[in-house]
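Computed from a predicted structure; not experimentally measured. Here is how names work: the chains are called A, B, and so on, in the same order as the sequence lines, proteins then strands, and each is numbered from 1. Every heavy atom of this structure was used, including side-chain atoms; hydrogens, water molecules and symmetry mates were not.
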Amino acid sequence: MHDIRAIREEPDVYDRNWARRGLPPQTPPILKMDGERRAAQTELQTLQQQRNEKSKEIGAIKAKKGDAQTLMDEVAALKTRMTELEEREKTLAAELDMHLSSIPNLLADDVPDGKDENNNKEVRKWGETPRRNDVKDHADIGAGLGMMDFETAAKVSGARFVFLSAGLARLERALAQFMLDTHTEEHGYAEVSAPLLVNTDTMYGTGQLPKFRDDQFETTDGRWLVPTAEVVLTNLVREDILDEDVLPRRYTAFTPCFRKEAGAAGKDTRGMLRQHQFYKVELVSITHPDESWKEHERMTECAENILKKLKLPYRTVSLCAGDIGFGSMKTYDIEVWLPGQGRYREVSSCSNCGDFQARRMKARFRPAGAKDTQFVHTLNGSGVAVGRALIAVMENYYDADDAGIIVPDALLPYMGGIKKVMPLEGIDAAAQKGKKAAGL
RNA sequence: GGAUGGGUGGCGGAGUGGUUGAACGCGCCAGUCUCGAAAACUGGAAUAGUCGCAAGGCUAUCGGGGGUUCGAAUCCCCCCCCAUCCGCCA
């Protein structure tokens, strides 16, 4: 959400910035609505003032048992116009609000120009990505293990769901726990177990609504399944006025995420890369406005650290203007190397939203000794997507000799003594026939 | 799901139609006193919008939305939320 007063003052700044995202000038219609709204409001307030004054007089006259009929008629006469103005003001305000809340955040100056992901700028790269001949894609590896079953998931739930079992399920859980422990014990994030169903105001606060309704699962009682823990963790400070010294606040949570993937028809249909439901460990920081850029770098490093500990090759890219998310001023995507695909794929996205979400949520802090409040800055990042990290572990740690997956050192403490996830007995034949995974 | 009781300023808590933006208490800020502090005393302080160069004015806000009325925190209707009890349940 943007500050309408700031837009009034420098509409050009806004239009120029939004143009980088490919938007046509937005401020002319905004300023027009705003002007009309204020005109209606001013006239209405004048009439309200008259009404209040006269009503007060009536009260005084009646207290003395006088006759106030003339005044009462006068006030009654104001009503038609007042009702008219009230409605006009309300309609215009709603329109303006709808318009404003559907416009994306301003971009930071150092966001690279560009139309789509091809223009993203690599900022660093970590790890070796040797060419190998014995690579396999995670869906094949999973089938070979007998622990990844899309057919049954389709029967039970539909497309874009999966059953994991045995060692793979355990590996997924180990990943989540490892990430959570790292963020809480080494990176200073507070662990939170949070609601997964949220109300409309909450979804509005972080920017999923009103614009991205079609991407969300809505319940029959008007609630929404969270598409990411960012939603709940960020809304933790909604409508709060925090003391300055409690900033920054850092939260982490391990949750399922639910997404309709409405715009992704036909994309990534193979394997479990893009699902309606997946696990993710999320990082959220609430900071002082002066600290958010530093925090953005720090958060990105925290996410990268997970991949380093897992010894998974990755690169970090700065998203270009055309690829950056709605609420973000600047975003780093961390992409992990997937040998099976021979390319890097996103496992984390770290964004600084500035005060964009804070405005929507009315999340503020009071600078020490100050009378007025200021909006906090909010940041979110995946630390990291568990499902995709599992894919990366499977493909990078695959041992072609025995079709097993070597457990990365960092995960050993969480695997109950399992050092390698091996195919289930008799699985080869079943897998080749396309039969249901033997582990289920 | 059923029943009952509630939602008022940072907090507690008054207030059932007319200068109530809202008593009182706590907390908070400034000052007096003090070497300094505490206590005591005095004063100050809501949020948003809007008009104005400014000083300042005005409007709205007592869970949310409608309604009655010249006038609503106070009356009526709908909704939401919270608490307790019953039922159900991991």
Side-chain angles (χ1 to χ4, degrees), chain A residues 1-9 30-101 193-205 209-210 218-225 232 235-247 255-256 355 358-376:
Chain A
M1 181 60 89
H2 295 286
D3 182 359
I4 182 67
R5 280 177 294 189
I7 294 176
R8 265 180 229 148
E9 273 165 35
I30 290 172
L31 293 178
K32 183 164 176 284
M33 278 185 261
D34 178 50
E36 287 171 9
R37 203 205 107 244
R38 282 190 294 157
Q41 191 188 33
T42 304
E43 191 184 339
L44 175 64
Q45 291 186 348
T46 310
L47 295 182
Q48 283 171 329
Q49 185 182 353
Q50 288 175 26
R51 179 201 61 192
N52 291 348
E53 283 167 1
K54 288 183 181 177
S55 290
K56 222 171 249 183
E57 274 184 62
I58 291 169
I61 292 171
K62 287 208 163 180
K64 290 184 214 151
K65 306 276 184 214
D67 176 20
Q69 193 53 49
T70 320
L71 274 174
M72 283 165 70
D73 291 345
E74 278 177 35
V75 177
L78 295 174
K79 275 203 142 174
T80 320
R81 183 62 181 157
M82 281 179 66
T83 311
E84 222 174 273
L85 286 166
E86 257 169 46
E87 260 159 44
R88 183 166 167 70
E89 201 272 339
K90 208 182 287 176
T91 310
L92 284 166
E95 253 176 62
L96 182 61
D97 208 58
M98 188 60 169
H99 201 101
L100 276 178
S101 57
S193 174
L196 304 175
L197 283 169
V198 299
N199 62 32
T200 299
D201 286 345
T202 297
M203 290 289 271
Y204 178 89
L209 295 176
E218 184 177 10
T219 66
T220 51
D221 68 348
R223 278 179 248 269
W224 307 80
L225 279 162
V232 257
N235 274 280
L236 229 31
V237 295
R238 186 165 104 214
E239 288 161 48
D240 269 353
I241 299 176
L242 303 163
D243 288 331
E244 184 172 18
D245 58 18
V246 306
L247 301 175
T255 70
D355 64 7
R359 271 178 205 289
R360 292 173 161 247
M361 296 190 301
K362 296 188 175 60
R364 293 151 294 174
F365 74 101
R366 196 185 303 280
K371 187 166 169 287
D372 291 333
T373 57
Q374 286 181 45
F375 289 111
V376 296

**Student:** Could you tell me which nucleotide pairs with B:rA23 by Watson-Crick or G-U wobble geometry, both distances under 3.5 Å, or answer none if nothing does?
**Tutor:** none

**Student:** Count the heavy atoms of every other residue, nucleotide or ligand shown that sit under 6.0 Å from CZ of A:R238, and state whether that count exceeds 12.
**Tutor:** yes

**Student:** Taking any strand in view, what nucleotide pairs with B:rG1 in a Watson-Crick or G-U wobble way, both distances under 3.5 Å?
**Tutor:** B:rC86

**Student:** Pairing check on B:rU61: which nucleotide meets the Watson-Crick or G-U wobble criteria with it, both distances under 3.5 Å?
**Tutor:**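 Its partner is B:rA46.
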
**Student:** Tell me whether the OP1 or OP2 atom of B:rG49 has a side-chain N or O from A:R5 closer than 4.0 Å.
**Tutor:** yes

**Student:** Nearest whole angstrom, please: distance from the P of B:rU50 to the CD of A:E89.
**Tutor:**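 It works out to 10 Å between those atoms.
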
**Student:** Between A:Q48 and A:N52, does any side-chain donor sit less than 3.5 Å from a side-chain acceptor?
**Tutor:** no

**Student:** Tell me what A:I58 touches on the nucleic acid: a base, only sugar-phosphate, or nothing, going by heavy atoms under 4.0 Å.
**Tutor:**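 Touches a base.
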
**Student:** Whom does B:rC35 pair with, Watson-Crick or G-U wobble, provided both distances fall under 3.5 Å?
**Tutor:**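 Its partner: none found.
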
**Student:** So what does A:R8 touch, heavy atoms closer than 4.0 Å: a base, only the sugar-phosphate, or nothing?
**Tutor:** sugar-phosphate

**Student:** Rounded off to whole Å, could you give me the CD-to-C1' distance for the A:E74 and B:rG71 pair?
**Tutor:**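 Spelled out: CD on A:E74 to C1' on B:rG71 is 15 Å.
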
**Student:** Paired with B:rG18 by Watson-Crick or G-U wobble geometry, both distances under 3.5 Å: which nucleotide is it?
**Tutor:** B:rC70

**Student:** Over all strands shown, is A:R364 touching base, sugar-phosphate only, or nothing at heavy-atom distances under 4.0 angstrom?
**Tutor:**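 Result for A:R364 = nothing.
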
**Student:** Could you state the NZ-P distance from A:K54 to B:rC70, rounded to the nearest angstrom?
**Tutor:** 14 Å

**Student:** Using atom CZ of A:R51 as one end and atom P of B:rU19 as the other, report the distance to the nearest whole Å.
**Tutor:** 14 Å

**Student:** Minimum heavy-atom separation for A:M361 and A:N235, please, with both atom names.
**Tutor:** SD-OD1, 3.5 Å

**Student:** Just compare B:rU50, B:rC81, B:rC70 and give me whichever is closest to any side-chain atom of A:M72.
**Tutor:** B:rC70

**Student:** Determine the interatomic distance between C1' on B:rU68 and the same-named atom on B:rA14; round to the nearest Å.
**Tutor:**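 Approximately 26 Å lies between the C1' atom of B:rU68 and that of B:rA14.
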
**Student:** Is the distance from OP1 or OP2 of B:rU19 to the nearest side-chain N or O of A:N52 less than 4.0 Å?
**Tutor:** no

**Student:** Look at A:R359 and B:rA48 and indicate whether a side-chain polar atom (N or O) is within less than 4.0 Å of OP1 or OP2.
**Tutor:** no

**Student:** For residues A:D73 and A:T70, is any side-chain donor paired with an opposing acceptor at under 3.5 Å?
**Tutor:** no

**Student:** Any side-chain N or O of A:K62 less than 4.0 Å from the OP1 or OP2 oxygen of B:rU69?
**Tutor:**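 For B:rU69, OP1/OP2 do not have a side-chain N/O of A:K62 under 4.0 Å.
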
**Student:** Does B:rA54 have a Watson-Crick or wobble partner in any strand here, with both distances under 3.5 angstrom, and which is it?
**Tutor:** none

**Student:** Base, sugar-phosphate, or nothing: which does A:D73 touch, judged by heavy atoms less than 4.0 Å apart?
**Tutor:** nothing

**Student:** Taking any heavy-atom pair under 4.0 Å as a contact, classify A:K90: base, sugar-phosphate, or nothing.
**Tutor:** sugar-phosphate

**Student:** Measuring to OP1 and OP2 of B:rC51, would you say a side-chain N or O of A:R38 lies under 4.0 angstrom away?
**Tutor:** yes

**Student:** As a test of reading the structure: which of B:rG71, B:rU19, B:rC51 is closest to the side chain of A:K56, going by heavy atoms?
**Tutor:**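 Out of B:rG71, B:rU19, B:rC51, the nucleotide with an atom closest to A:K56's side chain is B:rU19.
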
**Student:** Rounded to whole angstroms, how far apart are CD on A:Q69 and P on B:rG71?
**Tutor:**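 In whole Å, B:rG71 P lies 13 Å from A:Q69 CD.
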
